[in-house]
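Presented below is the structure to which this report refers.
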Amino acid sequence: MKISSILRPCLRPRTGNSSYIPLLQQQTRKMRLPYIADPPPTATPEEAEIVQRIQTRRHPRPLQPLDLTLLHSPPVADGWNSFLGAVRTKTTIAQDLREIAISRVAVVNRAWYEWAHHAPLAEQGGVSKEGMNAIKTEQPLVLGETQKPAELTDKQWAVVCYTDEMTRNVQVRDGTFAKMREVFSNKEVVEITATIACYNCVSRFLVALDVGERNGTGPDAAH
């Protein structure tokens with residue numbers, strides 16, 4: 001029997017992409033870099049201040065695997081901390097909308113470590129489990145073409161579809177953007193767009209390095 005015929009059942013097409021991802025390879029992957037020790041060692045007072053700023057934002061939680069990866073480069077970790085802090089805690093968009101956007105990015109990019117952290121926050125923000133089940137499909141969700149789940153509001157569905165288009169295609173259809181303008185203010189559109197863009201950056205970093213060792217799992221894996 002040819003090797004290709006043995007491996008074929010272990011290949012899954014990535015939605016929205018013609019390439020194939022070997023699942024067996026995913027399931028055996030581990031974090032590709034060692035995590036920085038916790039507490040992180042610092043070489044200068046400036047690095048110590050960076051660690052303190054990140055610890056302050058995370059409090060009362062400890063430093064996360066993402067932090068302990070980014071801290072290989074303290075200046076990058078510092079900028080990341082400032083940007084993520086602004087997106088997560090200083091925007092005016094409601095928690096359900098913010099976490100729906102982040103969760104949908106995670107699904108499209110198969111960033112299951114990101115999903116594991118943010119899907120529960122979406123539920124805390126008022127999204128039902130049935131609504132989250134609709135969000136976690138890996139099929140494209142297209143405004144005006146995919147039927148809106150009854151469990152999601154018009155605003156929530158607009159964010160889901162806007163996130164899907166931004167993440168898969170980068171470009172957003174005029175009709176989708178018109179809906180965003182209809183249901184959100186200019187400020188909210190900017191903040192939602194920044195959140196989606198920001199967490200696309202996060203998910204790509206997480207998946208490339210397999211931070212948290214989640215690449216071979218899925219949305220329903222224990223965490």
Is the backbone N or O of [Y] less than 3.5 Å from a side-chain atom of [X], with the two atoms forming a donor-acceptor pair by type?
X: Arg104; Y: Ile135; result: yes
X: Asn81; Y: Ala77; result: no
X: Glu47; Y: Ala43; result: yes
X: His118; Y: Ala101; result: no
X: Arg32; Y: Asp210; result: no
X: Thr137; Y: Ala134; result: no

*For the atom pair CE (Met180) and CD (Glu188), what is the distance rounded to the nearest 0.5 Å?*
8.5 Å
_Beyond-backbone contact of Ile102 with Glu99, side-chain heavy atoms, under 4.5 angstrom_ = yes
*Heavy-atom side-chain contact between Val107 and Trp112 under 4.5 Å*: yes
For [X] versus [Y], what's the shortest heavy-atom pair and its separation?
X: Thr167; Y: Arg204; result: O-NH2, 4.1 Å
X: Pro34; Y: His72; result: O-NE2, 2.6 Å
X: Gly212; Y: Pro65; result: N-CB, 4.5 Å
X: Met31; Y: Val211; result: SD-CA, 3.8 Å
X: Lys179; Y: Ala158; result: CG-CB, 4.1 Å
X: Arg168; Y: Val108; result: CG-CG1, 3.6 Å

Donor-acceptor list for residues 171-178 side chains, cut-off 3.5 Å, not counting sequence neighbours:
| residue | atom | partner | partner atom | Å |
| --- | --- | --- | --- | --- |
| Arg173 | NE | Glu165 | OE2 | 3.3 |
| Arg173 | NH1 | Glu145 | OE2 | 3.3 |
| Arg173 | NH2 | Leu143 | O | 2.8 |
| Thr176 | OG1 | Glu165 | OE2 | 2.4 |

*asked:* Students often mix this up, so state it plainly: with edges at 30° and 60°, are the rings of Tyr113 and His117 parallel, tilted or perpendicular?
replied: tilted
*Who passes ring-ring contact (aromatic ring centres under 6.0 Å, His included) against Phe205, sequence neighbours left out?*
Trp80
*Provide the full list of side-chain hydrogen bond (donor to acceptor under 3.5 Å, both in side chains) pairs with a residue in residues 84-98, sequence neighbours left out, each pair given once.*
Thr92-Glu191, Asp96-Gln156
*Working for side-chain contact (heavy atoms from CB on, under 4.5 Å), residues Val51 and Gln55*: CA-CA 6 Å; Val51 170; Gln55 289 172 328; 3.7 Å; yes
*asked:* Before you tell me yes or no, could you show the steps for Thr146 and Gln139 under side-chain contact (heavy atoms from CB on, under 4.5 Å), namely the whole-Å CA-CA distance, both residues' side-chain angles and the distance that decides it to 0.1 Å?
replied: CA-CA 10 Å; Thr146 307; Gln139 297 301 314; over 6 Å; no
*Should Val159 and Leu121 be regarded as members of a common hydrophobic cluster, given that ILVMFWY residues are connected when their side-chain heavy atoms come within less than 4.5 Å of each other, either directly or indirectly?*
no
